[in-house]
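Note that these values count all heavy atoms, side chains included, but never hydrogens, waters or copies made by symmetry.
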Amino acid sequence: MVIQLKEELIMNSFKTLDGRGASVHIAGGPCITIQFVTNIIIHGLHIHDCKQAGNTNVRDSPHHFGWRTLSDGDGVSIFGGSHVWVDHNSLSNCRDGLIDAIYGSTAITISNNYMTHHDKVMLLGHSDSYTQDKKMQVTIAFNHFGEGLVQRMPRCRHGYFHVVNNDYTHWEMYAIGGSANPTINSQGNRFLAPDRRFSKEVTKYEDAPQSEWKNWNWRSEGDLFLNGAFFTPSGASASSSYAKASSLGARSSSLVGPLTTNAGALNCRKGSRC
């Protein structure tokens, strides 16, 4: 069974979208919005070709509708949301980001996803001046960043980010970047650099001189670097500096292959175990 939805899906609190047992494609419209709600699971979906829409009345519950301005065209837009789990989805080719989390969103886990064919993959943090994102905590684990990706895997601002046991097989500009003094804890990832001479660096420090970013806490611990890839660390080396950016124990980078083999929407059949 193949299901394709082009409408905007506006989530209410304590809700799950689970595509297991069917081939569910969220595509061709404004896709998924998680705005000022909590306890959300997005699982097992194909999310692609998302577009801008809005400037119209949109229903967000059986009993309420309201005016919504033009959306950005993200695959999953998390706006002031908390306790959100985005797991085992296949994402590609959206107008803006594949997954964006902004405006004080926190307690987010992005895991086991397969991402391909996109420029600005993931934005975590609204702007350098929006300091409410200092409370943001995000775990990015067991994802496969695949072909056709350019940058922002993720691009972080202000908060605490644990990037653990992901497989980076493609990027054109950089893999992990940020601005406004985020704490980035990169552990047990596998980074395969592209063949281009000037695209080997995993990291990108945005919008700040070295005299400033050298004090930001970014570390690489147990990562595997292939084909000339390298990570530029900064800040303190003490583990206590990364306490808020540590959410699970990292496995060895040598296990990233098997850990990410099943990244993306699972090929499940109704009535069978998945």
Side-chain angles (χ1 to χ4, degrees), residues 5 8-20 24 26 30-45 47 50 58 60-62 64 66 68 71-72 74-91 94 96-115 121-127 130-143 152-166 178 180 182-187 242-250 263-266 274:
L5 299 176
E8 182 174 13
L9 296 176
I10 300 179
M11 301 296 293
N12 297 131
S13 293
F14 300 97
K15 292 293 186 291
T16 296
L17 286 177
D18 192 342
R20 285 177 295 179
V24 179
I26 311 295
C31 294
I32 300 173
T33 297
I34 299 167
Q35 182 169 327
F36 299 125
V37 293
T38 186
N39 289 277
I40 300 294
I41 300 172
I42 307 295
H43 187 278
L45 306 177
I47 303 169
C50 301
V58 175
D60 59 4
S61 78
H64 178 266
R68 292 189 62 81
S71 68
D72 290 333
D74 298 326
V76 179
S77 175
I78 307 170
F79 189 103
S82 67
H83 298 89
V84 177
W85 186 18
V86 182
D87 182 62
H88 273 297
N89 301 285
S90 298
L91 302 102
C94 295
D96 191 25
L98 294 183
I99 302 171
D100 281 10
I102 59 174
Y103 275 97
S105 299
T106 192
I108 298 165
T109 299
I110 299 167
S111 59
N112 298 296
N113 300 288
Y114 182 44
M115 305 184 197
V121 177
M122 224 185 296
L123 175 67
L124 307 177
H126 175 65
S127 69
Y130 193 79
T131 56
Q132 291 184 55
D133 281 328
K134 286 184 177 180
K135 72 177 185 179
M136 182 179 287
Q137 292 179 276
V138 182
T139 298
I140 299 160
F142 315 127
N143 302 286
R152 298 189 178 184
M153 299 169 246
R155 189 230 196 271
C156 311
R157 289 184 170 109
H158 292 296
Y160 300 88
F161 305 93
H162 194 192
V163 183
V164 55
N165 288 142
N166 300 282
T183 297
I184 298 176
N185 187 11
S186 174
Q187 293 185 304
Y242 296 90
K244 289 186 178 180
S246 298
S247 49
L248 63 127
L266 297 169
C274 186

(message) side-chain contact (heavy atoms from CB on, under 4.5 Å) for L248 and F142? Distances and angles first, verdict last.
(response) CA-CA 12 Å; L248 63 127; F142 315 127; 3.8 Å; yes

(message) Let me confirm one number: the CG-CG distance from N143 to N113, rounded to the nearest 0.5 Å.
(response) 5.0 Å

(request) Output all residues satisfying ring pair (Phe, Tyr, Trp, His ring centres under 6.0 Å) with H158, sequence neighbours left out; order by chain, then residue number. (result) none

(message) Between I47 and V76, is there a side-chain heavy-atom distance shorter than 4.5 Å?
(response) yes

(request) Would you indicate whether the side-chain heavy atoms of V164 and I140 approach each other to under 4.5 Å? (result) no

(message) I'd like to check P182 versus F161 (side-chain heavy atoms, cut-off strictly below 4.5 Å). Are they in contact?
(response) yes

(message) For G75 versus C50, what's the shortest heavy-atom pair and its separation?
(response) CA-SG, 3.7 Å

(message) A side-chain contact here means heavy atoms from C-beta on lying under 4.5 Å apart; do L9 and L17 qualify?
(response) yes

(request) Kindly confirm or rule out an SG-SG distance below 2.5 Å between C31 and C94. (result) no

(message) Are M11 and I42 packed together at the side-chain level, in the sense that at least one heavy-atom pair is separated by less than 4.5 angstrom?
(response) yes

(request) Just do the side-chain contact (heavy atoms from CB on, under 4.5 Å) check on M115 and M122 with the steps written out, would you? (result) CA-CA 10 Å; M115 305 184 197; M122 224 185 296; 3.8 Å; yes

(message) Please verify the inter-ring angle class for H126 with Y103; under 30° counts as parallel, over 60° as perpendicular, anything in between as tilted.
(response) tilted

(message) Is there a side-chain contact between I108 and I78 in this structure, where contact means two heavy atoms from C-beta onward sitting under 4.5 Å apart?
(response) yes

(message) Treating S82 as the side-chain partner and A107 as the backbone partner, does any N or O pair qualify as donor plus acceptor under 3.5 Å?
(response) no

(request) Kindly compute the distance separating CD1 (I99) from CG (D74), expressed to the nearest 0.5 Å. (result) 10.0 Å

(request) Take I110 and T139 through the side-chain contact (heavy atoms from CB on, under 4.5 Å) test and state the conclusion after the steps. (result) CA-CA 6 Å; I110 299 167; T139 298; over 6 Å; no

(message) Measuring from atom CG of L98 to atom OG of S77, what distance do you get when rounded to the nearest 0.5 angstrom?
(response) 12.5 Å

(message) For H43, is there any backbone N or O sitting under 3.5 Å from a side-chain donor or acceptor partner on H88?
(response) no

(request) For residues I184 and C156, report the shortest heavy-atom separation together with the two atoms involved. (result) CD1-SG, 4.1 Å

(request) For residues L45 and I32, report the shortest heavy-atom separation together with the two atoms involved. (result) CD1-CD1, 3.9 Å

(request) Mind checking ring pair (Phe, Tyr, Trp, His ring centres under 6.0 Å) for Y242 and listing every partner two or more places apart, or none if nothing turns up? (result) none

(request) Using distance alone, with no hydrogens and no angle criterion, decide if S111 and D87 have a side-chain donor and acceptor under 3.5 Å apart. (result) yes

(request) With the side chain counted from C-beta on, respond yes when K244 and T183 share a heavy-atom pair under 4.5 Å apart, and no when they do not. (result) no

(request) Drop me the distance from L266's CG to R20's CZ, to the nearest 0.5 angstrom. (result) 7.5 Å

(request) Identify the heavy atoms of A265 and S90 that sit nearest to each other, and give their distance. (result) N-OG, 3.0 Å

(message) So, taking the atom named CG in D72 and the one named CZ in F79, what distance separates them when rounded to the nearest 0.5 Å?
(response) 9.5 Å

(request) Please assess R157 against D133 for the test side-chain contact (heavy atoms from CB on, under 4.5 Å), listing each intermediate value before the final yes or no. (result) CA-CA 7 Å; R157 289 184 170 109; D133 281 328; 5.6 Å; no

(message) Is any side-chain heavy atom of R152 closer than 4.5 Å to one of L123?
(response) yes

(message) Would you compute the distance between atom CD of Q35 and atom OG of S105 and round it to the nearest 0.5 angstrom?
(response) 9.5 Å

(message) Within the 3.5 Å criterion, strictly below it, is a donor on S246 or N185 matched to an acceptor on the partner's side chain?
(response) yes

